[in-house]
Amino acid sequence: MLLEVRDIHVHYGKIAALKGVTLEVEEGEIVTLIGANGAGKTTTLKSISGLRPLTSGRIVFDGTDISKLQGHKRVLAGIGQAPEGRGIFPGMTVQENLLMGAYARKGTFREELDEVYELFPRLSERRTQFGGTMSGGEQQMLAIGRALMTNPKVLLLDEPSMGLAPMLVAQIFEIVREINQRGTTVLLVEQNAMQALQLAHRAYVLESGRVVKAADASGLLDDPEVRAAYLGGDLGVD
Amino acid sequence: MDNFLGQFGPATVGGLAIGSIYALVALGYTMVYGVLRLINFAHSEVFTIGGFAAVGVFLMVGVSAPVGGFALIGLLLLTVLVAMAASGGTALLLEQVAYRPLRKHGSSRLAALISAIGASLFLQELIKLVIIPHVFGQSNGAIQLQNMPRVIDKTPLFSIGNAPIRLDHVIIVVAAVIMMVLLDRLVNGTRVGRGIRATAQDPEAAVLMGVNIDKVVRTTFLLGGAMAGVAGVLYLLYFENLDYRVGFVVGIKAFTAAVLGGIGNLRGALLGGFVLGLVESWSSIFLGAEWSEVTAFVVLVLVLMFRPTGILGESLQRARA
Amino acid sequence: MAALRPKITRLTGVLATGMALSLALAGCAGNSSDGGGGTGGNASSIKIGFMGDLTGENSGIVIPPLNGAILAFEEYNAKNPKVKIDFNKDLHYDSQGKSDIAPNLVTKAISQDKVTGLIGPAFSGESKSVGKQLDENKIPSVSPSATNPGLAQNGWKYWHRVVANDNDQGPGIADFMMRAKSPKKVLVVSDDQEYSIGLAEALAKAFKDKGTTVETDKFSKDSPNYNPTANKATAFQPDLIAFGGYYAQGGKLLKQLRDAGVKAPFVTGDGSLDAGLVSGAGAQNAEGAVIGCPCKIPFGSVTGPLKDFKDKYKARFNTDPQIYAAEGYDAATAFIKAVEAGKTSGDDINEFLKTLSFEGVSKPIKFKDNGEPQANSIFVYQVKAGQIGLLGDSTQAKLEG
Amino acid sequence: MTGNKSPLRRAFAPIGAFNDKMRDWWEGANLWVRWAVYLLLIIFALTLLPSPQFATFMMPGSDWVSTLIHPIGTFILLAIGLNVVVGQAGLLDLGYVAFFAIGGYSLAYFGTKYGWNFWATVVVGILLTGVSGIILGAPTLRLRGDYLAIVTLGFGEIVRITANNTDEIGGARGITGVPHPTLPGVEFTLRDAAPYYYLMVGAIVLVIILSRRVEKSRVGRAWAAIREDEDAAELMGVPTFKFKLLAFAMGAVIGGFGGAIWASKVSFIEPGNFPFILSATILAAVVLGGSGNLPGVIVGAFLIAWLPERLRFINEYRILIFGAALVLMMAFRPEGLLPSRRRRAELAEGTGGMGSMGAEVATQTTVEPSEVSK
């Protein structure tokens with residue numbers, strides 16, 4: 001098991017955001033978390049990458065308990081994340097942004113850079129442009145590319161489709177599949193449940209801070225409850 | 001205004017000199033603000049400490065007459081290093097004691113500001129009540145360090161127009177620009193600098209890149225403090241006197257300079273410092289020196305009305321270019 | 001612990017009484033109208049207070065007169081008089097020179113401590129803020145050092161001082177400098193403090209009256225940068241620079257003037273009569289600077305009663321008497337004379353002060369009706385070899401060098 | 001995780017618990033109970049508080065009733081005024097002393113130059129400060145928080161320096177003989193502080209009522225919305241600029257009122273009475289007491305005014321200790337002594353109505369389960 005999240009509770013002040021979330025990610029999988037706004041998807045990801053403290057519960061990664069590990073150390077351990085809203089450094093160039101991904105490691109990163117530029121040729125064209133001046137789709141590519149530069153064992157993606165045109169969404173999802181096929185495990189948070197379920201191997205459904213369903217993605221696609229709740233009026237365009 | 005031309009040259013030189021000092025102090029405000037969004041009110045005392053450290057060095061070395069040549073260079077280097085260490089150390093301590101606990105508990109910036117004001121008062125009184133009497137042996141009530149040793153010969157080197165240029169003028173402006181360039185290189189050209197900029201631009205994303213925020217914050221305070229330490233030395237060389245409150249006045253001016261240039265923006269701090277120094281100096285010719293602070297603040301308000309984020313725009317974020 | 005117990009008992013007692021009395025006390029808050037000058041005629045001791053900046057930045061001007069007064073009262077009490085004068089530490093009110101603190105302290109002095117008279121306030125600003133209060137409460141005051149001319153024009157009947165005011169000091173200094181240097185162009189400088197502006201105005205007027213061309217400049221006390229003033233001096237090229245202000249600013253100004261290459265002679269007034277002027281400017285820069293003062297400080301070798309005073313002061317405080325020490329001594333002596341004459345209420349002492357006349361250490365002490373001293377001599381001092389030396393009375397002294 | 005709570009933070013817990021209990025009781029109390037408490041408080045303020053027996057304990061070094069008027073009374077007035085700006089509308093004002101000065105100078109100037117009647121002049125002074133609040137606010141309130149802070153700081157300094165350099169209003173000499181108030185049957189003099197004390201209590205009660213009324217009104221709700229999320233407030237149709245300006249003007253008016261009363265009490269004012277540090281101190285009082293919560297703010301102002309005076313026996317060390325106390329308080333109880341519930345909720349959410357510090361990523365020690373489970 002690469003990543004295990006065991007019964008975690010997380011609070012914002014006195015408000016409970018997660019009330020006992022348990023999930024597992026096997027090496028090589030694409031796992032997706034779906035759920036409505038405020039269900040706790042983003043909080044789950046933030047807890048895994050150390051941006052939110054746990055009130056209780058445990059997170060085990062690659063066999064070690066990382067519940068108390070500081071966020072920046074989890075990056076070295078192999079957790080890479082493209083955060084919600086992309087988190088591009090607006091005052092840095094594309095190349096600098098990518099190099100930030102390798103911040104925690106020493107050495108030159110020619111090969112990793114080349115690989116990212118190969119995955120995202122668009123970034124290669126714009127390597128001297130400032131992050132803040134790019135379009136949404138480009139920023140999303142940069143965020144994913146930057147997360148890849150951390151050399152992650154598991155890549156956490158938070159709503160990569162947000163605010164993007166359907167064609168771009170398809171493109172991004174294709175790249176995610178590609179990344180996974182090259183050997184990186186992916187934990188994907190999406191509101192765009194339909195496409196996420198088509199891409200993922202397994203899925204968890206979150207509702208108000210709890211996991212209410214866990215199954216194979218294909219199984220959930222056919223689940224009438226899930227269809228009604230998440231797939232009905234939610235066909236891609238935001 | 002008949003004597004305007006007579007005063008313009010010297011006023012410009014003086015304005016640049018004092019502006020350099022403002023600029024160096026402004027760097028500390030701007031860096032801490034860029035990273036923490038905090039007005040580090042106690043930064044003014046960090047500056048004062050630098051000045052006192054310099055006095056300490058002069059007294060310890062036993063300077064009694066102006067020195068020149070390599071001796072001067074050596075002495076200044078030593079003094080600057082000691083002052084940078086003292087100020088940087090103070091800034092670190094300040095971060096540790098006054099700001100870290102608040103940051104860890106996610107306190108509001110208002111609480112942090114009050115903590116900063118408290119720390120500022122505390123340090124000011126500490127200098128007055130402990131450092132001056134016990135380290136420098138001044139009697140109680142005497143708050144000025146007397147008999148400041150003269151380190152640099154102050155006879156004019158040459159004149160530009162009717163403005164005599166002294167060695168201390170040259171040292172101050174050159175030192176400020178050198179420090180500025182070094183810092184700029186550090187922030188924009190090194191890994192440490194990238195960490196600082198990343199944290200300033202998006203702290204959460206920075207963590208996701210493996211940046212240790214605590215370390216970045218410490219570095220920021222250290223660097224800003226060190227710059228203020230240099231400013232303290234230059235101030236001492238220029239004015240040759242020091243009391244426990246000098247930081248307050250210089251600090252407010254420097255913060256104004258930082259905002260004027262665009263807070264969070266390193267080059268803005270330099271520009272803001274020079275603009276403020278010159279505005280003060282020039283306006284004194286027309287209005288009298290007693291109005292210089294009023295003009296400085298009026299200029300600030302005017303600039304902000306038309307450029308709400310300062311002359312060069314805000315923050316380490318877009319400051320790259 | 002044992003020592004604490006009675007205090008605690010007293011405290012609880014006090015609190016209980018307070019509770020019980022509280023309702024009855026409605027409307028009597030701070031009722032202090034028994035002021036009227038404290039104790040009656042047959043007291044065995046009376047209290048005299050002292051007010052000034054005892055811990056603030058200008059305390060250097062206030063501690064010497066306080067010491068002078070302490071000396072005088074100690075001598076008096078040592079003679080075992082019928083009525084002793086209580087001048088203990090609790091009666092030394094530290095206003096820090098701030099006009100917003102002084103009134104509360106005066107209220108306390110009057111209503112709680114029941115002082116009969118006050119030496120001070122030391123500065124003019126605080127004097128303004130409490131003069132009326134002292135007057136309404138009939139507390140005679142003698143200031144050893146407040147020199148603002150306006151103070152005497154408020155119609156306060158209980159107010160006195162033993163120093164000449166700035167309207168005497170200005171012309172005194174100007175006359176002396178005219179005789180010594182006959183300047184044609186004078187730059188009169190002040191900072192933005194009340195004392196400084198007042199003296200500078202007096203100086204400017206006096207020099208104008210002598211027919212010189214006067215240019216004025218003013219800088220902000222808090223700014224470290226006095227270069228604009230130096231620049232103005234460079235452009236104006238005066239024969240003399242006159243500064244009204246305290247030594248803290250005077251020293252810095254003098255240094256920055258000399259650093260800017262301004263070589264004109266420098267003259268200033270009582271607020272700068274302190275070694276701090278020399279050390280602030282640097283001995284070399286301060287050399288030859290002239291300082292006028294309505295005070296007489298026994299610098300260097302002196303003779304007569306002044307020498308006597310200097311020796312006693314040195315023996316008691318282990319330091320030479322500084323500015324206004326002699327005036328503090330004389331102010332205290334004025335009260336002592338009143339008590340010796342059997343006057344122990346504020347009213348009586350005040351009446352007595354109107355007729356008082358004696359040879360003080362600093363000058364002959366005799367008050368005009370408005371509280372000003374009769375003698376308005378100005379003394380001049382000069383910095384020589386890094387030391388301030390007394391040249392003498394401004395009407396007779398000669399400038400050296 | 002449970003052991004993370006520092007002992008000092010724990011030490012404050014009883015205050016919080018007591019505070020909560022009091023508030024619960026208060027909210028459940030009858031109208032007449034509330035009025036009885038108000039009445040008792042006023043009676044306490046008028047009788048026991050200024051009594052000489054109390055004074056020996058409260059203020060051995062200076063006159064207690066005078067100290068109750070200034071600094072305690074004036075600080076409370078100013079803190080209530082600044083609380084409108086900082087606590088209610090969430091605007092950072094570092095130059096509040098300017099309004100105190102303008103109020104004081106209005107009274108002094110019109111009273112001495114033209115011999116205007118005290119009450120008329122107070123009204124004029126209040127109008128002038130209100131206008132000056134608008135003049136300051138109009139160009140600057142569009143600025144973001146920290147720019148506003150430095151600009152207000154600058155405004156405070158401009159007012160002080162201008163007063164110092166303007167001979168028409170006395171310059172550095174200040175103004176003497178500021179008129180005393182006139183009331184039939186009461187004589188305001190320098191001999192007796194009592195009438196001033198009652199005037200001050202009256203003024204504070206008046207300002208409290210005003211502040212409470214506004215807080216509970218539509219205006220108060222608009223301020224709260226602005227404080228919590230200005231953009232959201234704007235989107236909900238709150239004309240944020242107008243309401244921010246109103247907060248500024250109202251804060252200014254209260255400050256000016258305080259200045260006028262104070263000036264008439266001391267009868268002499270000078271520019272040096274209005275330094276920046278006074279603005280900072282009042283701000284500290286507001287935050288220390290519990291920004292946004294009126295009782296808290298009053299307690300904060302009382303402590304900030306009283307303690308340094310009470311601690312005069314440690315004389316020169318008192319500002320040192322004051323500074324250290326501010327740092328400690330903010331480290332261990334950043335929400336203030338008596339925060340309002342709403343405020344605490346905002347703080348718990350991490351913004352406190354004025355945004356949080358940058359570089360803020362919650363780390364492992366932030367949340368105490370004991371607080372959470374409540």
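FYI, side chains are in, hydrogens and waters are out, and symmetry mates aren't considered; it's all heavy atoms of this structure. Throughout, protein chains are lettered first and strands after them, A, B, ... in sequence-line order, and every chain is numbered starting at 1.
A salt bridge is absent between C:Lys98 and C:Glu126: the closest approach of a Lys/Arg side-chain nitrogen to an acidic carboxylate oxygen does not fall below 4.0 angstrom.
Judged by distance alone, with hydrogens and angles left aside, the side-chain atoms of C:Asn167 form no donor-acceptor pair with the main-chain N or O of C:Gly170 at under 3.5 Å. Listed for the C:Asn137 side chain is no donor-acceptor partner under 3.5 Å among the backbone atoms of C:Ile139. Between the side chain of C:Ser143 and the backbone N or O of C:Pro121, at least one donor-acceptor pair lies under 3.5 Å.
C:Gln193 touches chain D through its backbone: at least one of N, CA, C or O sits under 4.5 Å from a heavy atom, while the side chain does not. Proximity to chain C (any heavy atom under 4.5 Å) is restricted, for D:Trp64, to the backbone atoms N, CA, C and O. Only the side chain of D:Thr176 comes within contact range of chain C, with at least one heavy atom under 4.5 Å from a heavy atom of that chain. Only the side chain of C:Asp222 comes within contact range of chain D, with heavy atoms under 4.5 Å apart.
Here C:Glu136 is the residue among C:Lys132, C:Lys218, C:Gln133, C:Glu136 with the most heavy-atom pairs under 4.5 Å with chain D. Counting heavy-atom pairs under 4.5 Å between each of C:Pro103, C:Ser99, C:Gly131 and chain D puts C:Ser99 at the top. In terms of heavy-atom pairs under 4.5 angstrom with chain D, the leader among C:Gly198, C:Gly150, C:Ser129, C:Gly125 is C:Ser129.
Note: C:Tyr195 and C:Tyr246 meet the aromatic proximity criterion, with ring centroids under 6.0 Å apart.
Ring geometry for D:Tyr114 against D:Trp116 counts as tilted: the plane angle lies between 30° and 60°, on a 0 to 90° scale.
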